[in-house]
Every structure is written in C-alpha cells, then in structure tokens.
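Since the structure comes first, as structure tokens, the remarks are kept for the end.
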Amino acid sequence: MSWCRRHLGWYRNRNFCTEVYQWSGTLGWIDLFVLDEVFRYQKEQIREGHRTVPISVNFSKMTIMYPELIEKVTQMVQKYDIPVELIKE
C-alpha cells in the first residue's frame, strides 16, 4: 500500500496508481522523462570530468510498444551527446 493523500488518510494500492497511469498514457511520459533526466545527469557528470557508468532505466510495457520510442530515445541521445557505451539494452 502507498499513501496518496496522507493528511486525509487515503490509501491507494500501488498497482491501482500504475494502472491509472498506463490507461491515461502518463506512464509513457514518465518513462521518457526519467530517461531524459538520466541522460542529463550523465552529460553533467561527463562535463565535470567525473567517471560515468551505465544507468538502468526500466520502461513499462506500454512504453516499449510505443511506435516512436526509438525515435524519441535517438533524439535524446543526440541532444545530450551521450556515448554509446553508456547505453545498454
């Protein structure tokens, strides 16, 4: 169980929230947002001279089925100029 409105005492099952996000299409947006943040972080670490390692990002089934997923990821890689060694399947 996870709290949705702790001050009101409402509970929501985590699966319930995931299903709502999948149904509304929000989960795909969240997946791509997280990937963008990971790439931004990696680029910042490279710019500051820090050692970088691949970071795993899990996508929902709906995101993986998104027809333009490869195009979106490719755009992000180009935007941040991320070395391919940092990107894994």
Side-chain angles (χ1 to χ4, degrees):
M1 300 298 269
S2 61
W3 290 98
C4 281
R5 301 273 187 212
R6 187 175 183 171
H7 65 283
L8 298 176
W10 295 353
Y11 292 97
R12 285 293 184 253
N13 184 309
R14 214 170 276 175
N15 291 333
F16 171 81
C17 294
T18 301
E19 288 174 15
V20 169
Y21 291 147
Q22 282 181 342
W23 176 80
S24 68
T26 305
L27 196 54
W29 181 87
I30 292 170
D31 287 344
L32 292 174
F33 172 79
V34 169
L35 183 63
D36 191 77
E37 287 296 301
V38 166
F39 284 168
R40 183 192 59 72
Y41 173 78
Q42 287 178 319
K43 184 63 178 184
E44 182 180 307
Q45 295 302 300
I46 292 168
R47 190 178 61 247
E48 293 177 0
H50 300 293
R51 180 174 171 261
T52 56
V53 295
I55 298 174
S56 177
V57 176
N58 296 322
F59 285 157
S60 69
K61 291 177 188 176
M62 300 250 333
T63 302
I64 291 172
M65 294 175 15
Y66 180 57
E68 297 168 0
L69 177 62
I70 300 299
E71 181 181 333
K72 294 284 187 190
V73 172
T74 302
Q75 289 172 354
M76 287 184 207
V77 169
Q78 291 171 348
K79 174 182 173 182
Y80 293 105
D81 193 27
I82 299 297
V84 293
E85 307 85 54
L86 295 179
I87 302 168
K88 301 232 177 190
E89 294 179 17

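Note that CE of Met76 is 10.0 Å distant from CD of Glu37, once rounded to the nearest 0.5 Å. Separation of atoms CG (Leu35) and CG (Leu69) is listed at 8.5 Å; rounding is to 0.5 Å.
Taking the salt bridge (Lys or Arg N to Asp or Glu O under 4.0 Å) definition, one finds that Lys79 meets it with Asp36, sequence neighbours left out. Annotation: side-chain hydrogen bond (donor to acceptor under 3.5 Å, both in side chains) contacts of Tyr41 (sequence neighbours excluded): none. With sequence neighbours left out, Glu68 forms a side-chain hydrogen bond (donor to acceptor under 3.5 Å, both in side chains) with Tyr66. When the side-chain hydrogen bond (donor to acceptor under 3.5 Å, both in side chains) test is applied to Glu44, the partners found at least two apart in sequence or on another chain are Arg40.
Residues Ile46 and Leu86 approach most closely at CD1-CD1, 4.0 Å, considering heavy atoms. Phe39 approaches Val73 most closely through the heavy-atom pair CE1-O, 4.4 Å. Across all their heavy atoms, Ser60 and Asp31 have their closest contact at N-OD2, 2.9 Å.
Residues Phe33 and Tyr80 are members of one and the same hydrophobic cluster, defined by side-chain heavy-atom contacts under 4.5 angstrom among Ile, Leu, Val, Met, Phe, Trp and Tyr.
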Show which side-chain atoms of residues 47-59 pair as donor or acceptor with protein atoms under 3.5 Å away, not counting sequence neighbours.
| from | atom 1 | to | atom 2 | distance (Å) |
| --- | --- | --- | --- | --- |
| Glu48 | OE1 | His50 | NE2 | 3.2 |

